[in-house]
Amino acid sequence: MTDPRAIQLVMALRKQGITDMRVLNAMERTPRDLFVEEAFGSSAYQDSALPIACGQTISQPYIVAFMTQALAVGEKMRVLEIGTGSGYQSAVLAPLCRKIYTIERHRPLLKAAEARFKALKLDNIVTKLGDGYKGWPEQAPFDRIVVTAAFPQVPESLIAQLKPGGIMIVPVGEQRPGESISQLLTKIIRTETGVKREALIPVMFVPMVPGLPREPQKADERERKI
Ligand code: SAH
């Protein structure tokens, strides 16, 4: 049964201008309480970002809804997501398209997200531990790309993984001292002949970090080195 708090949240999203019924339905049916840390369970349906493991955040529901709506996904589309995090954005997208390919650089976050996808039987999401700067060339080109961490500049090699006519929604900008909001959510459309960019709204995302984090060594590897 749908959590009454999810219905309240969706009513608030409608008031804020989210009009796409498919997006609103997907938001209503995605149990955000499963994607937040237990300690934040009581805030799961508030319209705010919350901390998750590895110093990252689960995005604010309004921003997830706004990005999903801006992405204009169709049910036959293949979508690349950079920054799996909790897996919430992927779970909202899953019922709206054919397949989601999602990349995360932190193994513990990816493992937890995979367990959530399994529990919710979202079997059209495939995951990869990797560096989102590189995208997923083996599966390219994509109809849509959604990035949920901020790039200082979007790599051309990632735009090249969009099909002609494809859309990318991506926060762009750097944290500058003294400025509270320095990122713009940007819509990049790949046309037959080039690229069109459109600034949407100011946002605040965690930054994209290149490469993979150093993982703690396993005990037996440590012993061998001594
Ligand atoms: N979509 C997520 C939001 C997660 S926050 C959700 O719905 O919960 C952004 C995520 O991007 C973080 O988990 C962070 O680890 C990840 N990230 C940052 N740089 C990355 C990179 N180079 N490659 C892959 N993931 C990256």
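Just follow the structure's listing: the first ligand is 1, and inside any ligand the first atom is 1. Note that the structure is a prediction, hence the values are computed from the model and not measured.
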Relative to the ring of F151, is the ring of Y133 parallel (under 30°), tilted (30 to 60°) or perpendicular (over 60°)? perpendicular
Under a 4.5 Å cut-off applied to non-hydrogen side-chain atoms, are Y88 and S59 in contact? no
of all protein heavy atoms, closest to atom 7 (O) of ligand 1 is Q89 N, 3.1 Å
Below 4.0 Å, non-hydrogen atoms only: which portion of V64 touches ligand 1? Side chain, backbone, both or neither. neither
Residue, atom and distance of the protein heavy atom nearest atom 8 (O) of ligand 1 read S86 OG, 2.6 Å
Does ligand 1 have a heavy atom under 4.0 Å from the side chain of Q56, from its backbone, from both, or from neither? side chain
Give the atom numbers and elements of ligand 1 that come within less than 4.0 Å of a heavy atom of T57. 3 (C), 4 (C), 5 (S)
May I ask whether G130 has any heavy atom positioned less than 4.0 angstrom from an atom of ligand 1? yes
Atoms in ligand 1 with a heavy atom of E81 nearer than 4.0 Å: 1 (N)
Find all atoms of ligand 1 within a distance of less than 4.0 Å from any non-hydrogen atom belonging to H106, and give their numbers and elements. 15 (O)
How about T68 and Q89: do any of their side-chain heavy atoms sit closer than 4.5 Å? yes
Are the side chains of L13 and Q16 in contact, using a 4.5 Å heavy-atom criterion? yes
Under a 4.0 angstrom heavy-atom cut-off, which atoms of ligand 1 come close to S59? 3 (C)
Could you list which atoms of ligand 1 come closer than 4.0 Å to a heavy atom of T84? 1 (N), 2 (C), 6 (C), 8 (O)
For L109, counting its heavy atoms only, list the atoms of ligand 1 lying under 4.0 Å from any of them. 13 (O)
Please check if the side chain of D33 supplies one atom and the backbone of A44 the other of a donor-acceptor pair under 3.5 Å. no
Below 4.5 Å, heavy atoms only, C-beta onward: do I82 and M208 meet side chain to side chain? yes
Would you call R116 and S86 a side-chain contact if the rule is heavy atoms closer than 4.5 Å? yes
Please identify which atoms of ligand 1 are closer than 4.0 Å to at least one heavy atom of I58. 8 (O)
Short list, please: which atoms of ligand 1 are under 4.0 Å from a heavy atom of V206? 5 (S), 9 (C)
Non-neighbouring partners of Y101 that pass ring-ring contact (aromatic ring centres under 6.0 Å, His included), sequence neighbours left out: W136, F142
With a 4.5 Å heavy-atom cut-off, do R105 and D131 have their side chains touching? no
Would you check if V154 and I159 make a side-chain contact, meaning some heavy-atom pair closer than 4.5 Å? yes
Taking only non-hydrogen atoms of I52, do any sit less than 4.0 angstrom from ligand 1? no
Provide, to 0.1 Å, the distance between atom 9 (C) of ligand 1 and the closest protein heavy atom, together with that atom's residue and name. T148 O, 3.3 Å
For atom 15 (O) of ligand 1, which protein heavy atom lies nearest, and how many Å away is it? E104 OE2, 2.6 Å
When you look for heavy atoms under 4.0 Å from ligand 1, do you find them on the side chain of R105, its backbone, both, or neither? both
To the closest 0.5 Å, what do you measure between CE (M27) and CD (Q69)? 11.0 Å
Top protein contact for atom 19 (N) of ligand 1, by heavy-atom distance: V209 N, 3.0 Å
Any N/O pair G132/ligand 1 closer than 3.5 Å: yes
Indicate yes or no: at least one non-hydrogen side-chain atom of F205 is less than 4.5 angstrom from one of I63. yes
May I ask you to check if ligand 1 and G83 share an N or O to N or O distance below 3.5 Å? yes
